[in-house]
Amino acid sequence: MRLDSWISQRKDKKPTANKEREDKVNQSKERRGKYKCGDLYLLVSADYDPDEKAVFLKLYNVNNHTIRIIYDATGHKPYAYSKQSIEELRVNQHLLRFADRIVDLKEVIKHDPIKDEDIKLTKIIVEDPLVIGGTSSSLRNFIKLWEADIKYYANYLFDTQLNVGKHYNIENGWLKEAEVSYDSAVQRFMKEYADNPDFIRWIKLLAENVPKYKVLAVDIEVYVPDLTRVPQPDNPRDPIFIFSFAGSDGLKKVLLYNLRRESIEKDLNFEIEVFDNEKDMIKRAIEIMQSYPIIVTFNGDNFDMRYIKKRAEYLGLNDIVKDIRLGKNDARINWGVHIDLYRFFKNVSIKNYAFSGKYDEISLDAIGRSLVGMGKIEITEGFEKYSLTELCKYSFRDAEITYKLATFNDQLVLKLITIIGRIANMVIDDVCRLSVSNWIRNRLINIHREKNYLIPLPEEVRGKGGDRHFEPVTKGKKYKGAIVASPKAGLHFNVCVLDFASLYPSIMKEYNISYETVNCPHPECSDNKIPETTTWVCRKKRGIVSEFVGLIRDIRVKIFKRLAKDDRISPEKREFYNVIQNALKVYINAIYGVFGSAEFFLFYLPAAEAVTTLGRHAIISSINEAKKLGLEVIYGDTDSLFIKNPDPEKLEELIQNVTKKLKLQLEVDKIYRYVVFSKRKKNYFGVLIDGSLDVKGLVGKKSSTPEYIKKVFYRILDQLRNISSEEEFYKAKNKIIEIISEAEEKIRKKQVKVDEMAISVTLSKPLEEYTKTTPQHVKAAKLLISKLRRPIYPGSVIRYIKTNDQYKVKPVELVKDPREIDSEKYIELLWSTITQITDALDISAKSSDTSKRLDQFFV
DNA sequence: GCGGACTGCTTACCT
DNA sequence: ACAGGTAAGCAGTCCGCG
């Protein structure tokens, strides 16, 4: 049997006209709201409907704040590429298995970026995505296919040239890019760069307004009397008894299934609807939820939404919850978008770059406290010990925190998600769940499509070969990274810090680094070597990644950073542009890293190594250049040079020389009134010219250090803050001695509160995976479980006390009496924290006598 | 059997 | 599941020691 007879029959089947298709869908799906002609829509999401065998788009109606769903009417079909000819594929047994689901085989020409030549491929077009991948019998498991692991709805957006986060109008059922207005400042930039279509395209995409979304935060409570039992969505035997809602339209509502027939307090800060059976409450809850296009939860993917769905089905309400769709690891809603903030805040790029590590535990309580100043209501006993009113308050607080996290600072989080969706061209459901490497992958796939480049398989990229030239300094790493120059220990006044503006992205841009340009196939490029290596870089073609990094780096620096600082623009708008430039920063900074990550689809170690090699080259030649000019370099880390008391003219000369020679922008980053180094790298403090204190890496700053010791540490630094000469420096001495001896005394006499002595350490993996050693926080966690039956998860912060009993450590919850504290250990800890300051000032040996010890230091 | 030297594990930080 | 480099504390092991 051959495939062609079947294919020819299918070919005359024309795609349904757009309008008809939409009307059909309108009839079959329940719809809300009326659409006015000319309504403006923001493309927020897309998905595949297996029943309709088509992609549908979720469009946020900016005018009436509903979601409109539009099905594909172009007849777009899933596909993948093969390097076998049509003839070969026609008799391929694996394809024959899917004969009735293969629509067409087509010969196409694509550019192979690795070989730098056009190649012939066969495009296998199929009826549904599962033919390509997603099941154990799918084609990609049996024959070699290209572009077969891209989600179909993503593929669809790339091919139809739609972009998430853009505004569209609907005309006769077709999407049309909407004309949107831009600020005059943005228009000026568009004029300035009128001859650069890539620039214009990105400015237009990013500067579009982001609507204020209509959102609803949801939290549920499941009635489990015993505190130690956690309700399991997969076994939903316990009833849901509370739904809490906080909405952007001011809704503050709790639905309560009064399973104890208790009387409920009046005059709460939320409305309450009481039900005498669970089913009615769930029906009402779903009705409320379906009137909001955006649903926000904290851990809804794995708990709230999942439990609602499973519990409703358990109660026979399948139809009520049919529009909640559970994936392996997520929960999506057909009527809109479900955003799980737990997944979003867990993302390390979001945590460290967007929120500069302001929270360290991924819990509603911890993140709520640090970002919106609101924590959970504490519950220490099982639910049976509390009145239903108290439990409603508890639950409503959770919904309130979730709502605040989604909407604080003018919906910052939702804006950020939308903007990342624009940059990555990724549906916002995925943006808030996936990591930065996926954001990068998605856009790079999109760019390959636009250029008609075939996306190589990971083994083809790796298969290019190329050596690793430098042994990593750190054990377990794949290649050598940055250089950290040894600091010159001591106190230094008037220190200027120079740094390279976004060093690695700039290197990628200026030196044409990309997976296909590093060790390219052209013999004539092979003399274009990375210094001290056998790696060469292409001169003939612009690298796809290099070009992309360069473009968005320029977009950030030349457009959005400037807009964010332009005082002719209103503060609100400036804040919006600041969010954009920040999102770009998060994104750009991760691009180098993903090429050094073995899991990334374009992982190519020689490319990553080329970047760090050039980075080391840049900083070393700058240090040498500085020395040549007679400037004193006292420290440097990766991309920075600390220069002591520089002659301004020499400094300017250095900047000019380096920038010209390396094609990398060296600039003044900050100036310290003074800075204090010990012998340790990545470890110093200083006072900037505006008087602000800058502390780097010192123990006293670490999140694990007990509060009490931190306080002492900062009191000491405070003594040093207003110093502007060496004499003044020593005046602070007596006060510091006083602070330290007082603290030591207090610890020795056990007068410090137990809570202030807690050492806080994050449990990074499940307890049973600590097989090699048992660190102290793991010991404490085990006690929490055995003595208090407290559930512990990876990511939990364990707070423990060093004690003088047989345990040596105990969770803070188990230490009732300060006399249990091992004060000797804490005095040691105090000293090691403080000597990081005093060491730097050449304070050396310890003696048992405090004042003597300090005197030695401050001589 | 004991203690110091050493290595490896773990966490939190810097760029 | 972006990278590598560094500091610090502790757990566990090795080795010498009549």
Side-chain angles (χ1 to χ4, degrees), chain A residues 346-353 356-357 360 434-441 470-487 497 499-505 508 545 549 586-605 607-613 615-616 619 635-642 669 678-684 694-705 759-765 769-779 794-795 797-798 800 802 808-809 825 828-829 832-833 835-836 839:
Chain A
K346 210 178 149 186
N347 184 317
V348 288
S349 304
I350 293 300
K351 174 173 178 266
N352 294 329
Y353 289 92
S356 39
D360 20 45
L434 301 177
S435 65
V436 65
S437 65
N438 286 289
W439 304 342
I440 294 169
R441 174 178 181 263
F470 304 97
E471 194 71 29
V473 175
T474 319
K475 235 170 104 182
K477 300 293 184 186
K478 298 186 283 289
Y479 59 95
K480 189 174 163 89
I483 280 183
V484 188
S486 289
V497 182
D499 79 349
F500 287 102
S502 40
L503 179 64
Y504 290 172
M508 295 185 81
V545 183
V549 174
V586 170
Y587 194 88
I588 295 163
N589 282 341
I591 293 179
Y592 140 73
V594 297
F595 283 90
S597 167
E599 289 73 28
F600 188 62
F601 79 128
L602 297 175
F603 165 63
Y604 189 48
L605 199 144
E609 194 191 40
V611 175
T612 56
T613 305
R616 293 193 299 274
I619 189 170
Y635 181 57
D637 185 348
T638 311
D639 61 356
S640 62
L641 299 172
F642 287 57
D669 177 30
S678 66
K679 280 168 286 186
R680 303 166 187 87
K681 296 171 174 179
K682 298 183 187 283
N683 230 273
Y684 59 91
D694 206 16
V695 181
K696 300 289 181 188
L698 305 190
V699 173
K701 193 191 184 182
K702 292 200 173 188
S703 57
S704 47
T705 303
I759 297 168
S760 316
V761 179
T762 310
L763 196 74
S764 65
K765 53 188 180 186
E769 282 175 30
Y770 289 89
T771 50
K772 310 244 163 79
T773 57
T774 311
Q776 299 196 322
H777 67 295
V778 175
K779 285 195 182 115
V797 172
I798 311 297
Y800 67 89
K802 289 171 184 274
K808 284 172 77 180
V809 294
K825 283 274 182 213
E828 266 175 46
L829 193 58
S832 68
T833 306
T835 45
Q836 283 199 331
D839 247 16

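Below, chain A is the first sequence line, B the second, and so on; all start at residue 1.
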Visitor: Whole angstrom is fine here: how far is it from CD in A:Glu769 over to C1' in B:dC9?
Guide: 14 Å

Visitor: Under 4.0 Å, heavy atoms only, any strand: does A:Lys765 hit a base, just the sugar-phosphate, or nothing?
Guide: sugar-phosphate

Visitor: Taking any heavy-atom pair under 4.0 Å as a contact, classify A:Tyr353: base, sugar-phosphate, or nothing.
Guide: base

Visitor: Step by step, work out the side-chain contact (heavy atoms from CB on, under 4.5 Å) result for A:Trp439 and A:Asn347.
Guide: CA-CA 12 Å; A:Trp439 304 342; A:Asn347 184 317; 3.4 Å; yes

Visitor: Not counting sequence neighbours, which residues clear side-chain contact (heavy atoms from CB on, under 4.5 Å) with A:Val699? List them please.
Guide: A:Thr705, A:Thr833, A:Gln836

Visitor: Could you tell me which residues satisfy salt bridge (Lys or Arg N to Asp or Glu O under 4.0 Å) with A:Lys682, sequence neighbours excluded, listed by chain and number?
Guide: A:Asp637

Visitor: Going 5' to 3' along DNA chain C, which nucleotides are the first and last within contact of chain A (any atom under 4.0 Å from a heavy atom)?
Guide: C:dA1 to C:dG12

Visitor: Touch check for A:Lys802, heavy atoms < 4.0 angstrom, all strands: base, sugar-phosphate only, or nothing?
Guide: sugar-phosphate

Visitor: So does A:Val695 get a backbone contact from the side chain of A:Lys701, meaning a donor-acceptor N/O pair under 3.5 Å?
Guide: yes

Visitor: With a 4.0 Å limit, can you tell me whether A:Ser764 has a side-chain N or O closer than that to the phosphate oxygens OP1/OP2 of B:dT10?
Guide: no

Visitor: So what does A:Tyr770 hit on the nucleic acid, given a heavy-atom distance under 4.0 Å: a base, only sugar-phosphate, or nothing?
Guide: sugar-phosphate

Visitor: Please give, in whole Å, the distance from B:dC14 P to A:Gln836 CD?
Guide: 11 Å

Visitor: Listing time: all N or O pairs from protein to nucleotides 5-8 of chain B that are below 3.5 Å?
Guide:
| residue | atom | partner | partner atom | Å |
| --- | --- | --- | --- | --- |
| B:dG8 | OP2 | A:Lys475 | NZ | 3.2 |

Visitor: Applying a 4.0 Å non-hydrogen cut-off, can you work out what A:Phe600 is touching in the nucleic acid: base, sugar-phosphate, or nothing?
Guide: nothing

Visitor: Just call it for A:Lys702: base, sugar-phosphate, or nothing, with non-hydrogen atoms closer than 4.0 Å on any strand.
Guide: base

Visitor: With sequence neighbours left out, what residues match A:Tyr770 under ring pair (Phe, Tyr, Trp, His ring centres under 6.0 Å)?
Guide: A:His777

Visitor: How long is the line joining CG of A:Asp694 and C1' of B:dT15, in whole Å?
Guide: 13 Å

Visitor: Which part of the nucleic acid, if any, lies within contact of A:Gln776, taking any heavy atom under 4.0 Å across all strands shown: a base, the sugar-phosphate backbone alone, or nothing?
Guide: sugar-phosphate

Visitor: Residues two or more places apart in sequence or in another chain: which of them pass salt bridge (Lys or Arg N to Asp or Glu O under 4.0 Å) with A:Glu471?
Guide: A:Arg468

Visitor: Within the side chain of A:Ser832, is there an N or O that forms a donor-acceptor pair under 3.5 Å with the backbone of A:Leu829?
Guide: yes

Visitor: Which part of the nucleic acid, if any, lies within reach of A:Gly481 when heavy atoms closer than 4.0 Å are counted: base, sugar-phosphate only, or nothing?
Guide: sugar-phosphate

Visitor: What is the distance from NZ of A:Lys351 to C1' of B:dT11, rounded to the nearest Å?
Guide: 12 Å

Visitor: Hey, does A:Thr762 reach any base, or is it just sugar-phosphate, or nothing, if we go heavy atoms under 4.0 Å?
Guide: sugar-phosphate

Visitor: Any base atoms under 4.0 Å from A:Ser435, or only sugar-phosphate, or nothing? Heavy atoms, all strands.
Guide: sugar-phosphate

Visitor: Students often get this wrong, so: under 4.0 angstrom with heavy atoms, is A:Ser640 touching a base, only sugar-phosphate, or nothing?
Guide: nothing

Visitor: Only counting residues at least two apart or in another chain, list the ones meeting salt bridge (Lys or Arg N to Asp or Glu O under 4.0 Å) with A:Arg616.
Guide: none

Visitor: A:Val594: what forms a side-chain contact (heavy atoms from CB on, under 4.5 Å) with it, not counting sequence neighbours?
Guide: A:Ser437, A:Ile440, A:Phe600

Visitor: Please report the distance, rounded to the nearest Å, between CG in A:Asp360 and C1' in B:dT11.
Guide: 12 Å

Visitor: Using a cut-off of less than 4.0 Å, is there contact between a side-chain N or O of A:His777 and OP1 or OP2 of B:dT10?
Guide: no

Visitor: Can you name the ring pair (Phe, Tyr, Trp, His ring centres under 6.0 Å) partners of A:Tyr635, sequence neighbours left out?
Guide: A:Phe642, A:Phe677, A:Tyr684

